[in-house]
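Here's the structure, in structure tokens; my notes come after.
All values derive from a computational prediction rather than experimental measurement. Sequential numbering from 1 along the given sequence is applied to the chain's residues.
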Amino acid sequence: MAAAPAAPAAVAAPGGAPRAALRHRLAERGVDRTLLLVLPGALAVVALFCYPFLYGLQLSFQPAKGGALGAYRQFFSDPFARKSVWATFSLAVPAAVVNVGVSVPISYRMRREFRGKRLLLALLVVPITLGTVLTAEGILEFYGPAGWFNRTLHLLGLTASPMKLTMNYTGVLLSLLISGFPFAFLLTHSHLSGIHPSLEKAAATLGAGWWQRFRHITFPLLLPGLMTTFCLSFVMAFAVFPSALMVGDPNGSTHVISIEAYQAALERFDYAQGCADAMIMTALMLAVLGAVTALRSRLYRGSTGGKG
């Protein structure tokens, strides 16, 4: 009796099995064709950030005189240019701290439902739509010597002469606070929304007051998010330029690094010096971000019990 013929084995196309196996192995690691959707964004980052940054970096080492580091030595040997470092930090750090600090109690209160919550949320984020230039124009109109604020003080008899709130440090700080607060508030609000209310309710059942709940539960869970918010707020404030020109004193107290780089590159046409100033600005910014990120890594990074 003849044996029944064996079932034919599945024959894969030449090279098909290895390709399929490789595709499956990559899929297990999260690598598939979906990642091609990242390609346009990656190309945009390379074209709009990486290439200009690298081009500026190499240009900063090609000054007309002084050798490869001549532009950097020129910056630190000029007392007026060195002061721009302090001017930038004196604006960026207070603006970031105040914006983050003020956003905490407001966001904490906004977690609860109350009448008019949506309207208040809309009002808090309106400055995002204004832009830096329009905000600076508004500050000049409202807080200027002939603005509504000084007129009101004069009509009430509170001041004999207008308060100088523009064309100085105060004007730039006001601009940074107005334009930066919505971002800090939205980020803080999102971090707070990720902390599940049941954690505080459990503490309340054990007799903890609102301050004890905030201090020992909410704030420790919120602190990593606040440090991230501080980093983003600091970056926005550190790169201040239009406000420092329009409502500040660009040749004095608000002569920040961005103005120093602008004047070097586009007024004196010393592109190497302008690029070097920009690289110094970037290095200082990254140093602060690195320090804050290192400190954040030591904080609690577990679950907050919520959706955030």
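Taking CZ from F53 and SG from C275, the interatomic distance works out to 10.5 Å, rounded to the nearest 0.5 Å. Remark: F89 CZ to F238 CZ distance equals 4.0 Å, nearest 0.5 Å. Here CG of L286 is found 6.5 Å from OG1 of T282. Values are rounded to the nearest 0.5 Å. In this structure, the separation between OG1 on T170 and CG on L165 is 6.5 Å, given to the nearest 0.5 Å. Between L57 atom CG and M279 atom CE the span is 5.5 Å, to the nearest 0.5 Å. T166 OG1 to L140 CG: the interatomic distance, rounded to the nearest 0.5 Å, is 5.5 Å.
The closest donor-acceptor contact from the side chain of T254 to the backbone of D249 lies under 3.5 Å. Judged by distance alone, the side chain of T129 and the main-chain N or O of V126 form a donor-acceptor pair under 3.5 Å. No side-chain donor-acceptor contact under 3.5 Å links Q273 to the backbone of D270. Using a distance-only test at 3.5 Å, with no hydrogens or angles considered, a donor-acceptor pair links the side chain of N99 to the main chain of A95. For the pair Q212 (side chain) and G209 (backbone), a donor-acceptor distance under 3.5 Å is present. A side-chain donor-acceptor contact under 3.5 Å links Y169 to the backbone of S90. A distance-only check finds a donor-acceptor pair linking the side chain of R213 to the backbone of A208 [under 3.5 Å]. Side-chain atoms of T188 never come within 3.5 Å of backbone atoms of S103 as a donor-acceptor pair (strictly under, hydrogens ignored).
When hydrophobic clusters are built by joining Ile, Leu, Val, Met, Phe, Trp and Tyr residues whose side-chain heavy atoms come closer than 4.5 Å, directly or via intermediates, L245 is grouped together with L173. Under the 4.5 Å side-chain heavy-atom criterion for ILVMFWY residues, no single connected hydrophobic cluster contains both V104 and V98. With hydrophobic clusters built from ILVMFWY side chains whose heavy atoms lie under 4.5 angstrom apart, L232 does not share a cluster with L186. By the criterion of side-chain heavy atoms lying less than 4.5 angstrom apart, applied directly or through intervening Ile, Leu, Val, Met, Phe, Trp or Tyr residues, M227 is not grouped with V102; the two fall into different hydrophobic clusters. No path of Ile, Leu, Val, Met, Phe, Trp and Tyr side chains, each step under 4.5 Å between heavy atoms, connects V235 with F185, placing them in separate hydrophobic clusters.
The minimum heavy-atom distance linking P127 with P182 is given by the pair CB-CG, 3.7 Å. Between H189 and M110 the shortest heavy-atom distance is CE1-O, 3.8 Å. Here the shortest heavy-atom pairing between A237 and A92 reads CB-CA, 3.7 Å. The two residues L37 and P40 have their closest heavy-atom pair at O-CD, 3.3 Å. Pairing each heavy atom of V256 with each of S84, the nearest pair is C-CB, 3.7 Å. A pairwise comparison of heavy atoms in A87 and S253 identifies CB-O, 3.7 Å as the closest pair.
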| task | Begin from the C-alpha positions of V125 and L121 and carry the test side chain to side chain contact (heavy atoms under 4.5 Å, CB included) through to its verdict. | result | CA-CA 7 Å; V125 300; L121 278 172; 5.9 Å; no
| request: Take F181 and I128 through the side chain to side chain contact (heavy atoms under 4.5 Å, CB included) test and state the conclusion after the steps. | output: CA-CA 9 Å; F181 172 76; I128 292 180; over 6 Å; no
| message | Could you go through L226 and H191, starting from their C-alpha distance and side-chain angles, then the distance that decides it, and tell me whether this counts as side chain to side chain contact (heavy atoms under 4.5 Å, CB included)? | response | CA-CA 8 Å; L226 289 181; H191 289 305; over 6 Å; no
| After noting the C-alpha distance and the side-chain angles of R118 and E113, does the key distance pass the salt bridge (Lys or Arg N to Asp or Glu O under 4.0 Å) rule? | CA-CA 10 Å; R118 293 184 179 180; E113 293 295 331; over 6 Å; no
| request: With side chain to side chain contact (heavy atoms under 4.5 Å, CB included) as the test, would you mind laying out the steps for F230 and V97 before giving the verdict? | output: CA-CA 7 Å; F230 171 83; V97 170; 3.8 Å; yes
| request: Please report the C-alpha distance between Y108 and T218 in whole Å, then the side-chain angles of each, then the deciding distance to 0.1 Å, and finally whether the side-chain hydrogen bond (donor to acceptor under 3.5 Å, both in side chains) criterion is met. | output: CA-CA 9 Å; Y108 188 78; T218 305; 4.7 Å; no
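A side-chain donor-acceptor contact under 3.5 Å links T228 and R296.
When side chains are defined from C-beta on, V247 does not count as touching N168, because their heavy atoms never get closer than 4.5 Å. Inter-residue side-chain proximity for S233 and V100 is flagged as met; some heavy-atom pair is nearer than 4.5 Å. Under the 4.5 Å side-chain criterion, counting only non-hydrogen atoms from C-beta, V133 is in contact with M246. Counting heavy atoms from C-beta on, the side chains of F61 and L69 come closer than 4.5 Å. Side-chain contact between L284 and V288: absent, with no pair of heavy atoms (C-beta onward) separated by less than 4.5 Å.
Note on ring orientation: taking the six-membered ring where Trp is involved, the planes of W148 and F142 are perpendicular (angle over 60°, cut-offs 30° and 60°).
Geometrically, R109 engages F114 in a cation-pi contact defined by less than 6.0 Å to the ring centre and at most 45° from the axis.
Annotation for M285: atom CE counts as buried by contact number, over 12 foreign heavy atoms lying within 6.0 Å. Enclosure of atom CD in Q62 by more than 12 non-hydrogen atoms of other residues, nucleotides or ligands within 6.0 angstrom is indicated. A 6.0 Å sphere centred on NE2 of H154 holds no more than 12 heavy atoms belonging to other residues, nucleotides or ligands.
By the 4.0 Å N-to-carboxylate-O rule, E260 lies too far from R82 to be salt-bridged with it.
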